[in-house]
Amino acid sequence: MIQQYRYIKSPIILFAKKYINSRYFGLGSNCFSRLPYYKTINFVTLSKISSNMTRESVSEKVALIGSGNWGTVISKIIGNNVMRYKEFHQEVKMWVFEEIVEGRNLTELINEKHENVKYLPGFTIPENVKAFSDLSEVVRDATVLVFCIPHQFVPKTCDQLKGKINPKAKAISLVKGFETDEKGIRPISHAISESLNISVCSLSGANIANEIAEEHFSETTIGYNYLAEGELFKKLFETKYFRVGIINDVVGVELCGALKNVIAIGAGFVDGLKLGENAKAAIIRIGFLEMKQFMKKFYGGIKDETFFESCGIADVIATCYGGRNRKVAESFVTTGKVGIIK
Ligand SMILES: NC(=O)C1=CN([C@@H]2O[C@H](COP(=O)(O)OP(=O)(O)OC[C@H]3O[C@@H](n4cnc5c(N)ncnc54)[C@H](O)[C@@H]3O)[C@@H](O)[C@H]2O)C=CC1
Ligand SMILES: O=C(CO)COP(=O)(O)O
C-alpha cells in the first residue's frame, strides 16, 4: 500500500524535460501523472487506496468552510475530485461569508455564474460545488470539514459550529496562522480540535492560490494524525498539477505555514529598503533556522523531514518572492502605509 520513493535521477531535470515536452511539444497534460515522486516520506498510491474502499463502506460528504482566494481555488480542486472518486458524495457544499458584490449576494452570484467574481474572477467553479451563506446547512451531514478561512475568524466560526456537526466528522485545516487569545498562541488545528472535539489534519505548502488556479505545477503537504485520514485527504486534494505529500506531523506542517509569513515580512522589508538579493537570501536562511528552532522548542514530535517538504523550505521561498505578506511589508517601507494587498 505504501511505497518509499527515493532519488534515482535528478527530479528537477526529469521534471523540466517532461514539462517542456508536454507543454510545448504536445505530449498531453498527463505528464504530471508520470512524474517520478522524489519524496523521502511515504507516498500512497491512489489506485491502491481505492481498491480498499468501496462506495458502500464510505460515502464522505465534504463541506468547505471558506470561499476567499485560496478557498475558491480549493473548491475547484475538490469539486472535481469528488466526481472522480467513489468514496465521496458528489456534491460539495461551500460556506460563503455573505457580502454584497455588484449589488447582489455573493452566494447567488457564485451559484449562478459558477465563478467567485470577488475572490477568484475568471475561473470556473465546478457545478457540483454549491454556495451557501448558512453555515449550519453546509455542515449538516458532512463527514469531512475543510477549513479555509483567515485565522482570525476561526474561533467565532467554530463557536457557530458547536452542536451542529457530525460528531464523527474529520477536519483538515488549510488556514495559515495561529489562534491567539489572552492565554497565548495555539496552532489552528488544536483550536478547531479542542472546540469541536474532532480529529484535525493540516494542509500547507508553497501554494500561491492564483498560480494553482492557473493549474501551474505545485506541491503541497498534508500532516495527518491517522494514516487513513492522510490517504483520504490526499485523494480529495491531489491533481495532476497539485501533488500531495503526506506526513504524520499535523503541527509541523501547519506551523511552517504560519511562521514563514514572519520571514516573508522580513523579506518584504529587505525589498522595500532595496538591500539586495544577498540580504534577502540571508533573511530567508536565518529565518528558516529560527522557524525550526521555535517549533522544536515549543512543540514536541515535530519531524526534521517536515522542514524539507513543500510546507517547509518551499513555502518560505514562494512566500518571500510571491506572497502577499512580502508585498505588504514592501509597501509599508515604500509608502509608509499598510493597505489591503490583492
Ligand atoms: N491566498 C493564498 O494564496 C493562500 C492562502 N492561504 C491561507 O488560506 C486562508 C484563507 O485565505 P484566502 O482564501 O486567501 O482568503 P482571502 O484573504 O482571499 O479572503 C478573505 C475571506 O474571509 C472571509 N471573511 C471576511 N470576514 C469574515 C468573517 N467575519 N468570518 C468568516 N469569514 C470572513 C471573506 O468573505 C473571504 O472569503 C488563510 O489562512 C490564508 O493564509 C493558504 C495558501 C495560499
Ligand atoms: O501561503 C501562501 C503561499 O503558500 C500565500 O502567502 P500570502 O498569504 O503571503 O500571500
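One-based numbering, in listed order, for ligands and for the atoms of each.
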Which atoms of ligand 1 are found less than 4.0 Å from any heavy atom of Ser67? 37 (O)

Suppose I only count heavy atoms of Trp95 and a 4.0 Å limit; which atoms of ligand 1 are within that range? 31 (C)

Would one find an N or O of Ala206, backbone or side chain, under 3.5 Å from an N or O of ligand 2? no

Can a side-chain donor-acceptor contact be found between Asn207 and Thr220 if the only test is distance below 3.5 angstrom? yes

Within 45 degrees of the ring normal and closer than 6.0 Å to the centroid, is that where the cationic atom of Lys280 sits relative to Tyr321? yes

Return the option from Ser75, Ala209, Gly71, Ala258 holding the heavy atom at the smallest distance from atom 3 (O) of ligand 1. Ala209

Which of the ligand 1 atoms, numbered from 1, are nearer than 4.0 Å to a heavy atom of Asn207: 3 (O), 43 (C), 44 (C)

Nearest protein heavy atom with distance in Å, relative to atom 11 (O) of ligand 1: Trp70 CB, 4.3 Å

Which ligand 1 atoms, with their elements, are less than 4.0 angstrom from a heavy-atom of Val175? 39 (O)

shortest atom 24 (N) of ligand 1-to-protein heavy-atom contact is with Phe153 CE1, 3.6 Å

Among the heavy atoms of Gly205, does any lie under 4.0 Å from an atom of ligand 2? yes

Is the closest heavy-atom distance from Lys260 to ligand 2 below 4.0 Å? yes

Can you pull out the closest protein heavy atom to atom 41 (O) of ligand 1? Residue, atom name and distance to 0.1 Å, please. Lys176 CB, 3.5 Å

Is ligand 1 under 4.0 Å from a heavy atom in the side chain of Val96, in the backbone, in both, or in neither? neither

Go through the side-chain N and O atoms of Glu254 and Ser204 and say whether any donor and acceptor fall under 3.5 Å apart. no

Residue selection (non-hydrogen contact nearest atom 17 (O) of ligand 1) among Arg324, Glu99, Glu211: Arg324

